[in-house]
Student: 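The structure under discussion is supplied below as structure tokens; questions concerning it will follow.
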2 protein chains.
Amino acid sequence: MTESPVPHEPPIYRRIADTLRNRILSGELRDGDRLPGENALMAEYGVARATARQALAVLINEGLAVPRRGSGVYVRLFRPIRRHGSRRLSRQQWSQGRAIWDADTRGRPYTVDEIHVERVPASEAVARLLDTDDVWIRRRRYSIDKRPVQLATSHFPADLVEGTAITAIDTGPGGVYARLGELGYSPVHFTEEVRARMPTPQEANLLKLPAGTPVIVICRTAYTTGGMPVELNEMILDSASYVLQYDFDA
Amino acid sequence: MTESPVPHEPPIYRRIADTLRNRILSGELRDGDRLPGENALMAEYGVARATARQALAVLINEGLAVPRRGSGVYVRLFRPIRRHGSRRLSRQQWSQGRAIWDADTRGRPYTVDEIHVERVPASEAVARLLDTDDVWIRRRRYSIDKRPVQLATSHFPADLVEGTAITAIDTGPGGVYARLGELGYSPVHFTEEVRARMPTPQEANLLKLPAGTPVIVICRTAYTTGGMPVELNEMILDSASYVLQYDFDA
DNA sequence: AAGTGGTCTAGACCACCAC
DNA sequence: TGGTGGTCTAGACCACTTC
């Protein structure tokens with residue numbers, strides 16, 4: 001009880017984390033560089049193992065570093081894909097047999113897997129939005145350079161698409177929007193709701209997300225000229241892989 | 001001591017976190033409810049303190065729970081504000097109150113503080129975008145119901161706005177866009193780039209963000225009819241407080 | 001084989017909060 | 001005053017990566 005050193009001194013692990021963060025943000029430590037490991041921090045700062053771990057956990061949870069088992073902790077890299085909100089859905093895109101996804105990748109090869117198509121009862125929110133009890137849903141996962149970057153789940157009113165290629169694994173040239181057009185329900189207007197949050201463990205697993213990586217959730221509704229909603233597409237994006245771009249006039 | 005480990009079995013703290021998460025997602029534990037504390041988990045599962053803490057840390061870093069010192073760990077709430085990006089002429093036709101994520105904050109007043117206005121050298125990226133060496137920047141913080149929800153930093157080409165009210169704390173009626181209009185540089189077109197990431201400690205502090213809360217970063221560029229960029233506005237949004245909405249046509 | 005991160009135990013003292 | 005979360009120590013065993 002001789003003195004109270006400084007009223008609000010940050011704890012040790014915070015100060016260790018702060019100095020490491022500064023070394024990253026200043027550029028001294030670059031993408032992919034190895035950070036001092038637990039043992040190095042224990043020696044350098046004279047702290048216990050758990051304290052060194054706690055300091056590294058701060059950076060990992062901030063998304064600045066990624067741990068590699070048996071190897072070390074490394075500075076994380078950020079190489080985003082630019083996703084255009086408005087341009088990508090221009091009518092000529094899908095009316096000419098091109099998939100929407102092509103607009104994003106600029107020639108980089110992408111793959112689709114984990115495809116599931118099924119008819120299910122609509123959730124309360126989806127039922128309200130699409131004004132239907134049952135929906136056909138199409139789930140899939142997109143990867144670029146073998147890295148998963150996006151999960152998507154499209155919902156269609158069941159009565160509308162029953163018996164069409166939209167309920168098949170392969171939807172044919174132009175994809176589901178071309179099929180909707182053939183039914184007389186071409187989407188002409190879109191609303192996108194965008195959120196960000198931490199992923200569920202399932203999402204983190206499917207997207208192979210390291211700790212400290214949020215996901216961007218885009219919920220897009222497609223409308224016909226009559227204002228009828230015909231598709232609800234929920235997309236889960238790895239936030240470290242994406243930049244969204246929207247253009248509009250005053 | 002412990003049972004011989006079974007291959008692929010998740011660690012104890014994960015299983016504890018999983019059961020707690022299920023109780024939250026199933027609705028058994030609701031917004032604001034108190035979770036079992038460290039002592040309760042130690043007793044219930046027969047684990048050490050650090051293990052119980054680790055389980056709670058998982059939920060906290062997922063943004064599902066918030067710790068309150070001396071009180072307990074509580075289920076977190078999500079009450080978003082709806083932020084409309086593009087407000088098109090057809091908006092009335094399309095947006096008929098149907099939205100996946102409800103936003104009940106319409107009309108609530110916001111306050112502005114932490115205002116800083118200064119002339120500084122432009123960073124490399126800003127200099128390239130605004131084609132200028134110096135910029136006037138306007139920083140401020142927005143709060144709703146006394147809760148900080150957004151930080152914003154506007155950048156203007158210094159030569160363009162030097163000597164105008166844009167360089168003053170109070171920009172006058174209509175704000176900076178009205179002033180730009182008087183200069184003959186009315187913004188008519190906007191581009192928004194949207195990202196998500198974990199906040200820096202400074203951002204977390206200014207926005208009073210609990211752990212596990214990402215921020216949404218919006219970088220908006222305003223262009224004149226001539227295509228000249230006249231403002232660059234970087235906004236940092238509390239992701240737990242916002243839903244972005246964009247409307248556009250095919 | 002040596003080093004690394006991953007998990008876990010069993011203690012300790014502290015600041016803060018509610019009763 | 002007792003319970004809560006916040007920080008920290010000093011060990012331990014494990015799985016994995018690298019050499």
Side-chain angles (χ1 to χ4, degrees), chain A residues 1-18 20 32-61 64-76 201 204-205 208-212, chain B residues 1-18 20 32-61 64-76 201 204-205 208-212:
Chain A
M1 289 290 290
T2 55
E3 59 170 347
S4 44
V6 178
H8 297 296
E9 186 101 5
I12 302 175
Y13 80 94
R14 282 245 158 243
R15 279 181 289 172
I16 297 176
D18 288 345
L20 290 176
D33 282 358
R34 190 177 180 284
L35 292 176
E38 296 174 358
N39 295 334
L41 293 179
M42 289 168 71
E44 185 177 352
Y45 293 92
V47 294
R49 185 120 199 275
T51 306
R53 272 185 77 73
Q54 204 172 4
L56 290 170
V58 169
L59 300 177
I60 291 167
N61 281 325
L64 289 175
V66 183
R68 283 189 221 156
R69 204 183 268 229
S71 173
V73 180
Y74 296 82
V75 179
R76 183 167 190 200
N205 186 46
K208 292 189 176 26
L209 297 177
Chain B
M1 301 302 177
T2 53
E3 294 289 321
S4 54
V6 181
H8 303 300
E9 187 94 3
I12 300 174
Y13 81 94
R14 280 250 156 238
R15 278 181 290 173
I16 297 176
D18 288 346
L20 290 177
D33 283 357
R34 189 177 180 286
L35 292 176
E38 297 174 357
N39 294 334
L41 293 179
M42 288 167 73
E44 184 178 352
Y45 293 93
V47 295
R49 186 126 197 275
T51 305
R53 271 185 79 71
Q54 203 171 4
L56 291 170
V58 168
L59 300 178
I60 291 167
N61 282 324
L64 289 175
V66 186
R68 283 189 221 156
R69 220 197 272 252
S71 174
V73 180
Y74 295 82
V75 179
R76 183 172 191 195
N205 187 45
K208 294 191 181 12
L209 297 177

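Naming: A, B, ... by sequence-line order, numbering from 1 per chain. None of these values were measured; they are calculated from a predicted model.
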Student: Rounded to whole angstrom units, what separation is found between the OH atom of A/Tyr45 and the P atom of D/dT9?
Tutor: 14 Å
Student: Respond yes when some side-chain nitrogen or oxygen of B/Thr51 is under 4.0 Å from OP1 or OP2 of C/dT9, and no when none is.
Tutor: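 For C/dT9, OP1 or OP2 has a side-chain N or O of B/Thr51 closer than 4.0 Å.
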Student: Using atom CD1 of A/Ile12 as one end and atom C1' of C/dC14 as the other, report the distance to the nearest whole Å.
Tutor: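 Rounded to the whole Å, the gap is 13 Å.
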Student: Mind listing the closest non-hydrogen atom pair of A/Pro36 and A/Leu56 along with its distance?
Tutor: O-CD2, 3.9 Å
Student: Could you tell me which nucleotide pairs with C/dC19 by Watson-Crick or G-U wobble geometry, both distances under 3.5 Å, or answer none if nothing does?
Tutor: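 None - no nucleotide pairs with C/dC19, as no candidate has both distances under 3.5 Å.
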Student: Taking all non-hydrogen atoms of both residues into account, name the closest pair between A/Met42 and A/Ala52 and its distance.
Tutor: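 Heavy-atom minimum between the residues: CG-CB, 4.1 Å.
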Student: Does any part of the side chain of B/Ile16, heavy atoms only, come nearer than 4.5 Å to the side chain of B/Val58, both counted from C-beta?
Tutor: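 No, side chains not in contact.
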Student: Start at the 5' end of DNA chain D and walk down; is the nucleotide closest to A/Arg14 or to A/Tyr74 reached first?
Tutor: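 Closer to the 5' end of DNA chain D: A/Arg14.
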Student: Decide side-chain contact (heavy atoms from CB on, under 4.5 Å) for B/Leu20 and B/Leu41; before the verdict, give the C-alpha distance in whole Å, the side-chain angles of both, and the deciding distance to 0.1 Å.
Tutor: CA-CA 10 Å; B/Leu20 290 177; B/Leu41 293 179; 4.3 Å; yes
Student: Tell me the closest heavy-atom pair linking A/Ala65 and A/Leu35, and the distance in Å.
Tutor: CB-CD1, 3.7 Å
Student: At their closest point, which heavy atom of A/Tyr13 faces which heavy atom of A/Ala55, and how far apart are they?
Tutor: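 Here A/Tyr13 and A/Ala55 meet closest at O-CB, 3.5 Å.
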Student: Could you run down nucleotides 1-6 of chain C 5' to 3' and tag each one B, S or - for protein heavy-atom contact under 4.0 Å?
Tutor: --BBBB
Student: Starting at CG of A/Leu41 and ending at C1' of D/dC8, how long is that distance when rounded to a whole Å?
Tutor: 15 Å
